Novice: 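The structure follows.
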Amino acid sequence: RPNRPQNQSGPSRGQNPHSSLSLSTRRELYERDFPVYKQPVEVGCFSLDSERRFFNDGRQMRYYVEPDRSPNFDLRDGYKDRFIKRDDSVKEKLDHMLRWILANRSKLSARGTTASSCDLDIDFVTWRGHLTKLLTAPYETREGWQLAVTRFRGTLYISEVETEAARRDQENRTERHEEMMYWGYKFEQYTCADTVHGRPDPGGVLNTNEAFCTVVQTRLADHRLLFSGEVDCRDKDPNAPAAPACYIELKTSAEICTPKQRSNFHRFKLLKWWAQSFLPGVPRVVAGFRDEEGVVVALETFPISKISHLIKNEPNCWKPTVCMNFCSDFLSFVKHIATEDNPSVVYLLSWEPRRDVTFSVHRDSPYCFLPHWFVEEMTS
Ligand code: A3P
Ligand code: MG
Ligand code: MG
């Protein structure tokens, strides 16, 4: 089968020297030595308030409060009457990160001097969540993705585009599923305080517009990365290590009762948890295991550095090196194909499970995602 990109369109049709290129996600191709992944450094943070307004500070940071007895958290509480849900039909793309970049340009050291002094010293700008999807792609069998890429002043910006299938799934969610999506946030409310000496307030209103995001810089092989990810909370001990090492990811999961459930937890859930936290250097996940009625019956801490050992006895299991090597090769592929430096050109990379990654090129199209306010301020 020839590796041809689908939906090739726009002025570069037939002229693109890479138009016959595609990238495989087959695991065997990525089983080599673990690539260089530099310890992520936090270069800043930002907050989104109850109305999703941006603040260039950590005002939405929360503090983890270890429950003092065995938990009995009812995750269904408040769903009907104390829940304000973020409007996920509003597509924010990279906007919050771009706002952060404009507010912190001086921190992002410029390469060399005069001529390029307003260019960022960075190859890729994206969300952590987009990178998580890349890390897990060699093992993903259900959900594909589309990533829009624009090269602007030497930096490649990557922003996800919702697939048709994802939009359909979102529209057809059952009431049970809708409610279960609330449970993870409710667990956060039972275990986090707003201030370092405060207590959690599970009786309060839960508003999923609010977020605290870290911005980290790191390098994967020869790719210099700047990305942001939401952080659930931090260790409240004043002697805890500096960010991101003091951060804690909170997760909920169905309680494990059978060997089959344990195996599935290792093979599927721990992959997602590992990828999400390894990327920004968040060292641990605190998991709340809940029953069918949404009551948390046990807590367990998973150090990210121990997850790869935990899964070693699992036959046919995922491997961190495959995840990281695929991501690195994907970024090389993007550098290779996204050659035109132009804020109104989008290279759309598309992937479906059991297929190769393909791409198409779009000029002045609805896929454009760098806003004028960003392009203008970066150009002036
Ligand atoms: P759980 O992952 O504990 O179920 P995060 O864990 O990334 O901080 O996200 C917090 C919660 O948001 C999740 O908690 C889940 O309830 C909800 N959530 C996050 N991503 C989701 C997705 N893709 N689909 C549905 N719910 C999601
Ligand atoms: Mg979170
Ligand atoms: Mg979480």
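Ligands are counted one by one from 1 in listed order, and the atoms in each one are counted from 1 as well. Keep in mind that this is a model prediction, so the values were computed, not measured.
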Novice: What protein heavy atom lies closest to atom 7 (O) of ligand 1? Include the residue and the distance to one decimal.
Specialist: Q276 NE2, 3.0 Å

Novice: Run the salt-bridge test on R99 and E377 with the 4.0 Å N-O cut-off and return the result as yes or no.
Specialist: no

Novice: Inspect the contact between R27 and E31 and indicate whether a charged nitrogen and a carboxylate oxygen are less than 4.0 angstrom apart.
Specialist: no

Novice: Please confirm if an N, O or S atom belonging to L250, backbone or side chain, lies less than 2.8 Å from the Mg ion (ligand 3).
Specialist: yes

Novice: Using a strict 4.0 Å cut-off to heavy atoms of T252, name the atoms of ligand 1 that fall inside it.
Specialist: 1 (P), 3 (O), 4 (O)

Novice: Which option, R86, K186, M181, E230, owns the non-hydrogen atom nearest atom 15 (C) of ligand 1?
Specialist: M181

Novice: Looking at E249, which of its N, O or S atoms is the nearest one to the Mg ion (ligand 3)?
Specialist: OE2

Novice: Look at R267 together with E314 and state whether they make a salt bridge at an N to O cut-off of under 4.0 Å.
Specialist: no

Novice: As a test of the contact definition, would atom 4 (O) of ligand 1 count as having a protein heavy-atom neighbour under 4.0 Å?
Specialist: yes

Novice: Take atom 23 (N) of ligand 1 and look for protein heavy atoms under 4.0 Å from it; say yes if you find one, no if not.
Specialist: no

Novice: Which N/O/S atom belongs to E230 and is the closest one to the Mg ion (ligand 2)?
Specialist: OE1

Novice: Using a strict threshold of under 4.0 Å (side-chain N to carboxylate O), is an ion pair present between E171 and R168?
Specialist: no

Novice: May I ask whether T208 places a heavy atom under 4.0 Å from ligand 1?
Specialist: no

Novice: Please work out which of Y185, W273, Y182 has its closest non-hydrogen atom nearest to atom 19 (C) of ligand 1.
Specialist: Y185

Novice: Strictly below 4.0 Å, N to O, side chains only: are K93 and D95 in salt-bridge contact?
Specialist: no

Novice: In ligand 1, which numbered atoms sit nearer than 4.0 Å to a non-hydrogen atom of G184?
Specialist: 1 (P), 3 (O), 14 (O), 16 (O)

Novice: Ignoring hydrogens and angles, tell me if any N or O in the side chain of Y139 forms a donor-acceptor pair with the backbone of V322 under 3.5 Å.
Specialist: no

Novice: Between R151 and D341, does any side-chain N to carboxylate O distance fall below 4.0 Å?
Specialist: no

Novice: Given Y157, which of V346, V125, V149, I122 fulfils the side-chain contact (heavy atoms from CB on, under 4.5 Å) condition?
Specialist: V125

Novice: Has K85 got more than 12 heavy atoms of other residues, nucleotides or ligands less than 6.0 Å from its NZ?
Specialist: yes

Novice: By atom name, which N, O or S atom of D232 is the nearest to the Mg ion (ligand 3)?
Specialist: OD2

Novice: Which of the atoms of ligand 1 are close to D232, meaning less than 4.0 Å from one of its heavy atoms?
Specialist: 8 (O)

Novice: Does the protein put a heavy atom under 4.0 Å from atom 10 (C) of ligand 1?
Specialist: yes

Novice: Could any protein non-hydrogen atom be found less than 4.0 Å from atom 17 (C) of ligand 1?
Specialist: yes

Novice: Which of the numbered atoms in ligand 1 are under 4.0 angstrom from any heavy atom belonging to K251?
Specialist: 2 (O), 3 (O), 5 (P), 6 (O), 7 (O)

Novice: Any idea which atoms of ligand 1 are less than 4.0 Å away from a heavy-atom of E188?
Specialist: 8 (O), 10 (C)

Novice: Between D77 and R82, does any NZ, NE, NH1 or NH2 come within less than 4.0 Å of an OD or OE carboxylate oxygen?
Specialist: yes

Novice: Considering the heavy atoms of L250, write down every atom of ligand 1 situated less than 4.0 Å from one of them.
Specialist: 6 (O)

Novice: With a 4.0 Å cut-off, would you call E140 and K133 a salt bridge?
Specialist: no

